[in-house]
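Inspection log for the structure reproduced underneath, given as C-alpha coordinates.
Note that these values count all heavy atoms, side chains included, but never hydrogens, waters or copies made by symmetry. As the structure is a prediction and not an experimental result, all values here were calculated from the model.
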Amino acid sequence: MGGIKDSTYLDVKKALARRFSPQDGWQFAWFPIYGSVQPECVLTRRVAGRTERVVVSVKMAPKVTMDAVEELQNQCQALVESGLSVDKAVLVVPTGADVSQVPEGIDILEMGSWKVIDGRIVWSKNIERSAFLQEELKKKGLA
(Lines give C-alpha, C1' and ligand atoms only; values in the text may rest on other atoms or scores of the structure.)
Protein backbone atom coordinates (compact mmCIF):
# COMPACT_ATOMS: atom_id res chain seq x y z
CA MET A 1 0.00 0.00 0.00
CA GLY A 2 1.05 3.56 -0.53
CA GLY A 3 1.63 6.10 2.22
CA ILE A 4 -1.78 7.77 2.05
CA LYS A 5 -3.65 4.48 1.97
CA ASP A 6 -1.54 3.18 4.88
CA SER A 7 -2.35 6.20 7.05
CA THR A 8 -6.04 5.96 6.15
CA TYR A 9 -6.11 2.32 7.19
CA LEU A 10 -4.42 3.23 10.47
CA ASP A 11 -7.35 5.60 11.10
CA VAL A 12 -9.79 2.86 10.10
CA LYS A 13 -8.14 0.40 12.44
CA LYS A 14 -8.27 2.91 15.31
CA ALA A 15 -11.98 3.54 14.71
CA LEU A 16 -12.69 -0.19 14.58
CA ALA A 17 -10.60 -0.86 17.69
CA ARG A 18 -12.71 1.65 19.64
CA ARG A 19 -15.84 -0.33 18.81
CA PHE A 20 -14.35 -3.84 18.60
CA SER A 21 -11.59 -3.74 21.17
CA PRO A 22 -8.73 -6.25 21.00
CA GLN A 23 -8.99 -6.27 24.81
CA ASP A 24 -12.42 -7.87 24.34
CA GLY A 25 -10.82 -10.57 22.20
CA TRP A 26 -11.43 -9.11 18.72
CA GLN A 27 -8.81 -10.03 16.13
CA PHE A 28 -8.37 -8.14 12.85
CA ALA A 29 -7.68 -9.86 9.51
CA TRP A 30 -7.10 -7.51 6.56
CA PHE A 31 -8.00 -8.90 3.13
CA PRO A 32 -8.43 -12.51 4.26
CA ILE A 33 -9.32 -15.08 1.61
CA TYR A 34 -12.24 -17.44 2.20
CA GLY A 35 -12.46 -19.51 -0.95
CA SER A 36 -13.46 -17.05 -3.66
CA VAL A 37 -14.45 -14.31 -1.19
CA GLN A 38 -12.00 -11.65 -0.02
CA PRO A 39 -13.56 -9.03 2.26
CA GLU A 40 -11.54 -5.94 3.16
CA CYS A 41 -11.52 -6.86 6.83
CA VAL A 42 -12.98 -9.56 9.03
CA LEU A 43 -13.07 -9.24 12.80
CA THR A 44 -13.41 -12.40 14.87
CA ARG A 45 -13.48 -13.44 18.48
CA ARG A 46 -14.34 -16.58 20.41
CA VAL A 47 -17.08 -16.29 23.00
CA ALA A 48 -18.53 -19.27 24.85
CA GLY A 49 -17.14 -21.74 22.32
CA ARG A 50 -18.59 -19.85 19.35
CA THR A 51 -16.83 -17.62 16.83
CA GLU A 52 -18.35 -14.18 16.33
CA ARG A 53 -17.58 -12.71 12.92
CA VAL A 54 -17.94 -9.14 11.63
CA VAL A 55 -17.37 -8.33 7.95
CA VAL A 56 -16.07 -4.80 7.38
CA SER A 57 -15.99 -2.68 4.24
CA VAL A 58 -14.34 0.75 4.02
CA LYS A 59 -15.81 3.36 1.69
CA MET A 60 -13.83 6.59 1.54
CA ALA A 61 -16.39 8.46 -0.53
CA PRO A 62 -18.80 11.33 0.06
CA LYS A 63 -21.72 9.00 -0.73
CA VAL A 64 -22.13 5.26 -0.18
CA THR A 65 -23.57 3.79 -3.38
CA MET A 66 -25.90 0.83 -3.75
CA ASP A 67 -23.03 -1.02 -5.47
CA ALA A 68 -20.93 -0.73 -2.30
CA VAL A 69 -23.83 -1.97 -0.18
CA GLU A 70 -24.51 -4.90 -2.50
CA GLU A 71 -20.81 -5.83 -2.54
CA LEU A 72 -20.78 -6.06 1.27
CA GLN A 73 -24.06 -8.00 1.32
CA ASN A 74 -22.75 -10.42 -1.33
CA GLN A 75 -19.56 -11.02 0.65
CA CYS A 76 -21.58 -11.79 3.78
CA GLN A 77 -23.89 -14.09 1.85
CA ALA A 78 -20.98 -15.94 0.24
CA LEU A 79 -19.38 -16.52 3.64
CA VAL A 80 -22.66 -17.86 5.04
CA GLU A 81 -23.07 -20.15 2.03
CA SER A 82 -19.55 -21.51 2.61
CA GLY A 83 -20.47 -22.43 6.19
CA LEU A 84 -19.10 -19.42 8.08
CA SER A 85 -21.49 -17.47 10.27
CA VAL A 86 -21.60 -13.68 9.94
CA ASP A 87 -22.93 -11.80 12.95
CA LYS A 88 -22.66 -8.29 11.62
CA ALA A 89 -21.75 -6.21 8.57
CA VAL A 90 -20.08 -2.83 9.12
CA LEU A 91 -19.41 0.00 6.68
CA VAL A 92 -16.66 2.41 7.73
CA VAL A 93 -17.15 5.87 6.23
CA PRO A 94 -15.90 9.43 6.75
CA THR A 95 -18.02 11.55 9.09
CA GLY A 96 -20.85 13.21 7.20
CA ALA A 97 -20.93 10.75 4.29
CA ASP A 98 -24.33 10.25 2.67
CA VAL A 99 -25.43 6.82 3.90
CA SER A 100 -29.08 7.15 2.90
CA GLN A 101 -28.91 4.06 0.66
CA VAL A 102 -27.56 1.81 3.41
CA PRO A 103 -30.35 -0.49 4.63
CA GLU A 104 -31.01 -1.55 8.20
CA GLY A 105 -28.87 -4.46 9.25
CA ILE A 106 -25.62 -2.86 8.13
CA ASP A 107 -23.91 -0.85 10.86
CA ILE A 108 -22.30 2.48 9.98
CA LEU A 109 -19.06 3.45 11.69
CA GLU A 110 -18.07 7.05 11.03
CA MET A 111 -14.41 8.01 11.32
CA GLY A 112 -14.01 11.31 13.13
CA SER A 113 -10.56 11.80 11.66
CA TRP A 114 -12.01 12.08 8.12
CA LYS A 115 -14.94 14.32 7.19
CA VAL A 116 -17.01 15.13 4.13
CA ILE A 117 -17.06 18.89 3.57
CA ASP A 118 -18.57 20.38 0.42
CA GLY A 119 -18.53 16.98 -1.28
CA ARG A 120 -14.82 16.39 -0.57
CA ILE A 121 -13.15 14.12 1.94
CA VAL A 122 -10.89 16.06 4.26
CA TRP A 123 -8.59 14.94 7.05
CA SER A 124 -9.96 16.67 10.15
CA LYS A 125 -6.48 17.58 11.39
CA ASN A 126 -6.09 19.77 8.29
CA ILE A 127 -9.33 21.57 9.19
CA GLU A 128 -8.14 22.17 12.76
CA ARG A 129 -4.71 23.29 11.56
CA SER A 130 -6.25 25.66 9.01
CA ALA A 131 -8.57 27.20 11.61
CA PHE A 132 -5.64 27.65 14.01
CA LEU A 133 -3.51 29.31 11.31
CA GLN A 134 -6.35 31.67 10.38
CA GLU A 135 -6.72 32.71 14.04
CA GLU A 136 -2.99 33.34 14.34
CA LEU A 137 -2.96 35.42 11.18
CA LYS A 138 -5.90 37.49 12.44
CA LYS A 139 -4.10 38.10 15.75
CA LYS A 140 -1.10 39.42 13.81
CA GLY A 141 -3.27 41.50 11.51
CA LEU A 142 -2.26 39.53 8.42
CA ALA A 143 -5.66 38.07 7.55
Side-chain angles (χ1 to χ4, degrees), residues 1-139 143:
M1 284 191 225
I4 292 173
K5 195 168 186 178
D6 286 344
S7 66
T8 303
Y9 271 93
L10 285 174
D11 291 336
V12 169
K13 190 170 181 179
K14 287 177 189 175
L16 285 169
R18 282 186 207 102
R19 186 135 169 224
F20 302 97
S21 174
Q23 293 176 348
D24 293 334
W26 288 105
Q27 296 179 343
F28 294 68
W30 291 98
F31 300 102
I33 298 175
Y34 298 97
S36 63
V37 182
Q38 187 177 18
E40 270 184 269
C41 180
V42 175
L43 307 173
T44 57
R45 74 173 174 178
R46 298 278 299 166
V47 176
R50 178 183 175 282
T51 299
E52 290 182 328
R53 190 170 286 108
V54 177
V55 178
V56 178
S57 182
V58 180
K59 296 301 167 204
M60 292 298 289
K63 179 178 181 169
V64 177
T65 64
M66 235 8 243
D67 288 343
V69 170
E70 289 171 357
E71 178 184 359
L72 179 59
Q73 290 172 326
N74 291 341
Q75 289 174 347
C76 292
Q77 185 62 35
L79 290 174
V80 169
E81 289 172 0
S82 70
L84 297 171
S85 64
V86 175
D87 297 286
K88 196 176 284 193
V90 175
L91 265 172
V92 180
V93 298
T95 299
D98 179 357
V99 293
S100 60
Q101 294 191 14
V102 178
E104 284 188 37
I106 296 178
D107 290 355
I108 302 295
L109 177 59
E110 291 186 331
M111 289 189 299
S113 56
W114 294 91
K115 296 182 181 182
V116 176
I117 298 177
D118 297 328
R120 294 180 55 213
I121 300 171
V122 180
W123 188 43
S124 63
K125 296 292 182 194
N126 282 346
I127 298 167
E128 294 166 11
R129 190 174 297 129
S130 178
F132 174 78
L133 289 174
Q134 286 301 320
E135 280 298 313
E136 289 299 309
L137 290 172
K138 283 181 185 177
K139 286 180 187 176

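The distance from atom CG of D24 to atom CD of E52, rounded to the nearest 0.5 Å, is 10.0 Å. Taken from CD in Q75 to OH in Y34, the straight-line distance is 11.0 Å, to the nearest 0.5 Å. L43 CG to Q27 CD: the interatomic distance, rounded to the nearest 0.5 Å, is 10.0 Å. Taking NZ of K59 as the reference point, atom CG of L72 lies at 8.0 Å (rounded to 0.5 Å).
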side-chain contact (heavy atoms from CB on, under 4.5 Å) between V54 and W26, worked out: CA-CA 10 Å; V54 177; W26 288 105; 3.7 Å; yes
E40 vs E71, side-chain contact (heavy atoms from CB on, under 4.5 Å): CA-CA, chis, key distance, verdict: CA-CA 11 Å; E40 270 184 269; E71 178 184 359; 6.0 Å; no
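More than 12 heavy atoms of other shown residues, nucleotides or ligands fall within 6.0 angstrom of atom CD in Q101.
Annotation: side chain of I121 is in contact with side chain of P62 (closest heavy-atom distance under 4.5 Å). Taking the side chain as every heavy atom from C-beta outward, Q73 and I106 approach each other to under 4.5 Å. Side-chain contact check for P103 versus V69: some heavy-atom pair is nearer than 4.5 Å.
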Tabulate below the donor-acceptor pairs under 3.5 Å that side-chain atoms of residues 79-99 make, not counting sequence neighbours, or state none.
| from | atom 1 | to | atom 2 | distance (Å) |
| --- | --- | --- | --- | --- |
| E81 | OE2 | Q77 | NE2 | 3.1 |
| S82 | OG | A78 | O | 3.4 |
| S82 | OG | L79 | O | 2.9 |
| D87 | OD1 | R50 | NH1 | 3.4 |
| D87 | OD1 | R50 | NH2 | 2.4 |
| D87 | OD2 | R53 | N | 2.8 |
| T95 | OG1 | M111 | O | 2.7 |
| D98 | OD1 | S100 | N | 2.9 |
| D98 | OD1 | S100 | OG | 2.7 |

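Between the Q38 side chain and the F31 main chain, a donor and an acceptor come within less than 3.5 Å of each other.
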